[in-house]
There are 2 protein chains.
Amino acid sequence: MSESIDFLYPTKWLSKASTGERVACELRMRIISGIVESGAILSENKLAADFSVSRSPVREALKTLASENLIRLERMGAVVIGLTEKEIKEIYDVRLLIETFVFERLVKMDVQELVKELSKILEMMKVAIKYKDADEFSYQDIMFHETIIRSIHHSYILMIWDNLKPVMESLILLSMRARIKEKYDDFTRIINNHELYIEAIRTKDRALMIESLHKNFDDVQEKVEDLWMSQQMLTKGVEQQDD
Amino acid sequence: MSESIDFLYPTKWLSKASTGERVACELRMRIISGIVESGAILSENKLAADFSVSRSPVREALKTLASENLIRLERMGAVVIGLTEKEIKEIYDVRLLIETFVFERLVKMDVQELVKELSKILEMMKVAIKYKDADEFSYQDIMFHETIIRSIHHSYILMIWDNLKPVMESLILLSMRARIKEKYDDFTRIINNHELYIEAIRTKDRALMIESLHKNFDDVQEKVEDLWMSQQMLTKGVEQQDD
DNA sequence: TCGAGTATACTTGTATACAAGTATTATAAC
DNA sequence: GTTATAATACTTGTATACAAGTATACTCGA
């Protein structure tokens, strides 16, 4: 009956992951990509059957996804919330909030090591573009921001990031995959923005940092559009599922 | 052997809670109160035996506590992180961050209903003080801030609060219990701060809101000191546990 | 044809069983 | 006494079993 859907999450990122994490990552991708639609009701038994695992890792995954605000655990079944434009805007509200906070801490710190680290990541991003590796690019993009956030050693800001990260990761993955084939110069612009960000950190230039953040977020709207595009693509390529 | 420790978390708040939640709430209180010390290693089997439940709800509880940054899940055993003064400062960093964000949204909204709701909660707090009910007071205090945060309907800000709330709740519970017997006028000051907060929201007075927030956070230092006090009290009242 | 009540099938939450892996301890060899 | 190896006891992760509760659907009655 239901077609076997290809795995969306990069399997090589899951080498050390438990079954529960695998289910969470894959299910997250399916929700964010729109394969699993908002409002759908997920049953533990059904998911366990779909992924050919027991209910234990499925339960674990559902709890994770609930804490990421992607589903809502109810009496009977988990209701998919998914990401509408509203949610994506909200995510970027929070990113703006925490990255601004982080920057305020950074201006009081020695950022030499951080700048070096970020430059390394940036070069890796360039290599990823050169070889049109969207997944690797996404990984480094996430890593870039995580490195900045980690550098201030603030466990509760990091906690927020830890909750946001998986969703961001999926979002960026899907967006980059949709863009890497054609919109080549999008990536050079992203690189430029990140270079600006590094420069802002190095010179501790608040205004520049805000500017680069906003440029970064101006991309968001496009990212979102790309996401809807990729949702269209994906859902068109999949047969209507019977239940 | 190990003494049977009284339950710290109000049992009547757990009427509809699952076993997993009960374990999480109680364990959280024990960690924050200092009964379970930082650095301690928790084993699922041991906890299950202590609470006379199976490993399933214990696993669930540990995952919850890990997402709240109270423990760190490692290969063998969960390491207790707990709350030092550093963590508590960080928690209030985040509260300041999100409550400021919320206020910026509030100034663009109709706050009439909210103000009414907050006034009601404030009256309940007064009653709780009158009858020296520290638990009820704590509940309403938490509810006060949650009501404000919920009012802007921002799911990802709410997500941050949801992660912070249980820790805040435990912290406030312990602090209020330690203070309600003697430091009576502390509570009238808290009430005054909250009245100021409501007034700031009603008049959309940014400066007043910042002032009341800061007054609120000036109390933090005392709260923390009270927490250490109560940790002393509790640990002195408990025999050294053999392992 | 419509409504009430019961039976059935499916839901989650918890307990238990099992497997794979890790640390520790004891033992043996040098 | 020290080191290396092996055995043991404990760890987590996953699967399965069971119990309690809920929604659905069907049957019986009017």
**OP:** For A:Glu68, check salt bridge (charged side-chain N to carboxylate O under 4.0 Å, His left out) against everything at least two apart and list the hits.
**Re:**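 Testing A:Glu68 for salt bridge (charged side-chain N to carboxylate O under 4.0 Å, His left out), a comparison that skips the adjacent residues, returns A:Arg28.
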
Let me know the distance between [atom1] of [X] and [atom2] of [N], rounded to the nearest Å.
X: B:Glu44; N: D:dT14; atom1: CD; atom2: C1'; value: 12 Å
X: A:Arg55; N: C:dC10; atom1: CZ; atom2: C1'; value: 11 Å
X: A:Asn45; N: D:dA17; atom1: CG; atom2: C1'; value: 13 Å
X: B:Lys46; N: D:dT12; atom1: NZ; atom2: P; value: 12 Å
X: B:Glu74; N: D:dT11; atom1: CD; atom2: C1'; value: 13 Å
X: B:Leu47; N: C:dA15; atom1: CG; atom2: C1'; value: 16 Å

If the condition is side-chain contact (heavy atoms from CB on, under 4.5 Å), which residues does [X] pass it with, not counting sequence neighbours?
X: B:Ile180; result: B:Lys132, B:Ala134, B:Phe187
X: A:Ala40; result: A:Val36, A:Val80
X: A:Arg55; result: A:Glu44, A:Asn45, A:Ala48, A:Arg59

At under 4.0 Å, does any side-chain N or O of [X] touch on OP1 or OP2 of [N]?
X: B:Arg59; N: D:dG13; answer: yes
X: A:Ser54; N: D:dA15; answer: yes
X: B:Ser56; N: C:dT14; answer: no

Subject >> Of residues 15-24 of chain B, the positions that come close to DNA chain C - non-hydrogen atoms, cut-off under 4.0 Å >> reply: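 Listed by number, they are B:Ser18, B:Thr19, B:Gly20.
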
With sequence neighbours excluded, residues passing side-chain hydrogen bond (donor to acceptor under 3.5 Å, both in side chains) with [X]:
X: B:Ser151; value: none
X: B:Glu90; value: A:Ser155, B:Lys86
X: A:Asp133; value: none

**OP:** Decide if atom CD of A:Glu74 counts as having more than 12 heavy atoms of other residues, nucleotides or ligands within a radius under 6.0 Å.
**Re:**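 Enclosed.
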
**OP:** I would like to know whether B:Arg95 and B:His145 meet side chain to side chain donor-acceptor pair (under 3.5 Å); could you show each step before the answer?
**Re:** CA-CA 10 Å; B:Arg95 274 196 62 185; B:His145 294 280; 3.2 Å; yes

Name each donor-acceptor pair under 3.5 Å that joins a side chain in residues 116-125 of chain A to protein atoms two or more places apart or in another chain, with its distance.
residue	atom	partner	partner atom	Å
A:Glu117	OE2	A:Lys120	NZ	3.4
A:Ser119	OG	A:Val115	O	2.8

Listed pairs, N/O of protein and of nucleotides 21-24 of chain D, under 3.5 Å:
none

Original post:
In residues 61-70 of chain B, which residues come under 4.0 Å of DNA chain D by heavy atom?
Top reply: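 Residues of residues 61-70 of chain B under 4.0 Å from DNA chain D: none.
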
Subject >> Closest to side chain of B:Ser43, choosing from D:dT12, D:dA15, C:dT14 >> reply: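 Ranking D:dT12, D:dA15, C:dT14 by closest atom to the B:Ser43 side chain puts D:dT12 first.
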
Subject >> Sequence neighbours excluded, every pair satisfying ring pair (Phe, Tyr, Trp, His ring centres under 6.0 Å) that has a member inside residues 11-33 of chain A >> reply: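 Output for this query lists A:Tyr9-A:Trp13, A:Trp13-A:Tyr139.
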
